[in-house]
Amino acid sequence: MAYPLKDGLAAQISRLQNRLAARRAQRSHAVTGFVSQPEPRSIGLFARGKQLTIGNYLLAGHLIEAPGKPLWDAPTTAPEFWVAAHGFVWLDDLAAVGDPIARRCAQDWTWEWITRFGKGNGPGWTPDITGRRLIRWIHHALFLLSGRSTAESQAYFDSLSAQTTFLSQRWQASAPGVPRFEALTGLIYAGLALTGMENEVEPAVAALAHECETEIDKFGGLPSRNPEELLDVFTLLTWAAQALSEAGQPVPQAQRAAIERIAPTLRTLRHADGSLARFHGGGRGMDGRLDHALAASGVKAAVGTGLAMGFLRLTGARTSVIIDASDPPSGRGAATAHASTLAFEMTSGRRPVIVNCGSGAPFGPDWLRAGRATPSHSTLTIEGYSSSRLNRGTPEVLADRAHVTRTRPRETADGHALRLAHNGWVATHGLTHARLLLLSHDGRHMGGQDELRAISERDRAQLARVQKRDPSGEVRFAIRFHLHPDVDAAIDLGGNAVSLALRSGEIWIFRHTGANDLSVEPSVYLEKGRLNPRASKQIVLSGHVGSFDAVIGWTLAKAQDTPLAIRDLERSDVPGVI
């Protein structure tokens, strides 16, 4: 099977160095067994494991149907598929099934990997993929070794030895962030669990502590501002800490402090249904994974009230609202940043209601670009423009980034209030977008007010120039509220409201004031692990800027409740930004 790889001189050099290191690692001292009994901590899906056993391989969003063929003979050249295959995360799913058929698949495919790729061949010899694979091989060692011959067991340990040696030589070549945390955690696992690898533990632990200090900020966030990446790092740090503690070795203070900083941030980014907010390329996370990771950490910190990795949270009873309340990521994070400034998601109990479209990365470059643009988020957009100019993939500072000003969430007589503004369209249109959000204490009412305003004389002159260029003399905008696919939306008779029916039986009513038009239009829900985007709907309030401003109010209220009046959002006790 040929595995297509990325082009570029740097990538070619890195692959050559990895291949040479992998081949040198074959001469390493052979591991003879485990120092201690490894315990599996990774979580798999039973249904996915059953699909694997019948030859339906769903990896990285690619479904390859190959009944009767081993995984390594799957008829595909998709690079993402093979990266996932060589990372062995699918072992979690087979272990979740745990029957003789699943065990035979896991064993056959593992020893086939040793035969085909164990000498340094294939795309699996990168530090991060090797770390990911080592963690799974060690987690599921008892599952894999049961019933195997002495010769087969020795081949397994020889491969573990070579992979550990390779990782000790090449972990520094991994990219900062999740890949490096993955490589170092794999190296710590191997050093603690395998005979003869004890000397690898201390330098790996020191390197991991250094990464905690340099990559995780004082508020428990990552440069990418991707909530799912933060969960990945948190899980790896927790696994490494548990492995060190069980081996009787101290956990570095820097690592322990990083876990304690991240936990409250993740709790803030956790919706009422237990899922993560979907921003900047991150997904909702596998069901139960976030709660499992938080419980395993032992950190009891409560949800914070301030910024958490640039996000703010409003909570009323069983309703949660999470808002992107900061500038888009810069530096390395700019390559995957979304133009989602002031966008929000809302969940009622166990049911997501308002969402962002999500990351289009699994569905190709066109979907990737579309998912990063402002219209794919639940916020206001000016026709044809995103609130920030998106970096197309180079790790430089994001050009023309929206800058956010905000007030801290505060209590009012009506609920939890928050006002924010950003200047993302000042340069292009002379307009500042301000958003006021209010969530009632009982979580049954949410109100918002969106404003576009030319503030200074300079801004007004810029707006006038833009208006003159358009034959209609208008600057058109739309406020989008993307709905989860499970929400059934319909415009009520008269066209002044939208009914939202949730699968829980709840009915929410959306109303507005000030918009020229209210419509329900098609949308998509971009979800990792699926073959195609899911069809969904979005509520769209559209209008145009008048002389120098536009003000649109809207409310969401549970049926049979009195909707929150727009005038309540204009109370003087809610601080303003513009």
Side-chain angles (χ1 to χ4, degrees), residues 22 25-44 86-96 98 100 102-115 117-118 124-125 127 129-169 171 182-205 207-208 235-251 255 296:
Q26 307 303 315
R27 300 190 294 270
S28 62
H29 174 70
V31 169
T32 58
F34 286 105
V35 175
S36 59
Q37 186 104 357
E39 288 290 336
R41 294 190 175 93
S42 46
I43 303 171
H86 284 260
F88 274 71
V89 176
W90 46 265
L91 264 181
D92 296 339
D93 301 323
L94 291 176
R103 186 190 302 274
R104 185 166 62 250
C105 289
Q107 292 176 333
D108 290 349
W109 298 345
T110 299
W111 269 267
E112 186 68 17
W113 186 92
I114 294 171
T115 301
F117 311 109
W125 288 94
I129 297 176
T130 301
R132 192 181 312 158
R133 185 170 56 245
L134 274 177
I135 291 171
R136 267 66 191 190
W137 281 29
I138 293 171
H139 272 182
H140 303 298
L142 296 179
F143 184 63
L144 290 172
L145 291 171
S146 177
R148 307 305 286 190
S149 67
T150 301
E152 289 170 327
S153 296
Q154 189 57 55
Y156 172 80
F157 285 114
D158 287 348
S159 183
L160 281 174
S161 177
Q163 293 179 65
T164 304
T165 301
F166 166 82
L167 203 51
S168 70
Q169 297 171 355
W171 69 262
E182 207 161 27
L184 288 170
T185 301
L187 187 55
I188 290 170
Y189 254 70
L192 291 172
L194 302 174
T195 60
M197 292 295 172
E198 297 85 356
N199 292 336
E200 305 295 348
V201 176
E202 185 176 348
V205 169
L208 187 64
T235 300
L236 292 166
L237 292 178
T238 302
W239 285 352
Q242 289 175 319
L244 287 167
S245 296
E246 290 170 2
Q249 298 204 25
V251 179
Q255 181 178 343

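Computed from a prediction, not measured in an experiment: that's the story for all the values here. Keep in mind that the numbers below use all heavy atoms, side chains included, and drop hydrogens, waters and symmetry copies.
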Stepwise side chain to side chain contact (heavy atoms under 4.5 Å, CB included) test for Thr164 and Leu187: CA-CA 6 Å; Thr164 304; Leu187 187 55; 3.9 Å; yes
Closest non-hydrogen atom pair between Ala240 and Thr185, with its separation: CB-CG2, 4.2 Å
Modelled atom types, side-chain donor and acceptor of Trp113 and His86, under 3.5 Å: yes
Any side-chain heavy-atom pair of Leu208 and Leu237 under 4.5 Å: yes
Side-chain donor/acceptor of Ser245 to backbone N/O of Ala241, under 3.5 Å: yes
Side chain to side chain contact (heavy atoms under 4.5 Å, CB included) evaluation trace for Val201 with Leu244: CA-CA 9 Å; Val201 176; Leu244 287 167; 4.3 Å; yes
Within residues 132-141 or reaching into it, pairs that qualify as salt bridge (Lys or Arg N to Asp or Glu O under 4.0 Å) - sequence neighbours excluded: Asp92-Arg136, Asp128-Arg132, Arg132-Glu182
Partners passing salt bridge (charged side-chain N to carboxylate O under 4.0 Å, His left out) against Glu202 (at least two apart in sequence or in another chain): none
Residues Leu144, Leu91; criterion side chain to side chain contact (heavy atoms under 4.5 Å, CB included); working and verdict: CA-CA 9 Å; Leu144 290 172; Leu91 264 181; 3.9 Å; yes
Nearest heavy atoms of Ala25 and Ala162, plus distance in Å: CB-O, 3.2 Å
Main-chain N/O of Thr165 paired to Ser168 side chain as donor or acceptor, under 3.5 Å: yes
Evaluation steps, side chain to side chain contact (heavy atoms under 4.5 Å, CB included), between His140 and Leu94: CA-CA 10 Å; His140 303 298; Leu94 291 176; over 6 Å; no
Salt bridge (Lys or Arg N to Asp or Glu O under 4.0 Å): pairs with one or both residues in residues 103-112, sequence neighbours excluded: Glu112-Arg116
Exam field: side chain Gln249 to backbone Ala243, donor-acceptor pair closer than 3.5 Å: no
Nearest atoms (heavy-atom pairs only) where Trp171 meets Ala183: CB-CB, 4.2 Å
All ring pair (Phe, Tyr, Trp, His ring centres under 6.0 Å) counterparts of Tyr156, not counting sequence neighbours: Trp111, Trp137
Over all atoms of both residues, closest heavy-atom pair of Ala106 and Phe143: CB-CE2, 3.5 Å
Spatial distance of atom CD1 (Ile114) from atom CD (Gln163) [nearest 0.5 Å]: 8.0 Å
Distance (rounded to the nearest 0.5 Å) between Leu134 CG and Phe88 CZ: 10.5 Å
Check: Phe157 and Leu145 side chains under 4.5 Å, non-hydrogen atoms: yes
Straight-line distance of Ser42 OG to Ile138 CD1, nearest 0.5 Å: 11.5 Å
Trp125 (side chain) donor-acceptor with Phe117 (main chain) under 3.5 angstrom: yes
Within-4.5 Å side-chain heavy-atom neighbours: Leu167 and Pro127: yes
Value rounded to 0.5 Å, distance of CZ in Arg148 from CD in Gln154: 14.5 Å
Inter- and intrachain pairs under salt bridge (Lys or Arg N to Asp or Glu O under 4.0 Å), touching residues 28-38, at least two apart: none
Output side-chain donor-acceptor pairs under 3.5 Å for residues 188-198, partner residues at least two apart or in another chain, one line each.
| from | atom 1 | to | atom 2 | distance (Å) |
| --- | --- | --- | --- | --- |
| Tyr189 | OH | Arg41 | NH1 | 3.2 |
| Tyr189 | OH | His139 | NE2 | 2.9 |
| Thr195 | OG1 | Thr32 | N | 3.1 |
| Thr195 | OG1 | Thr32 | OG1 | 3.0 |
| Thr195 | OG1 | Gly33 | N | 3.4 |
| Thr195 | OG1 | Gly33 | O | 3.4 |
| Glu198 | OE1 | Gly196 | N | 3.3 |
| Glu198 | OE2 | Gly196 | N | 3.4 |

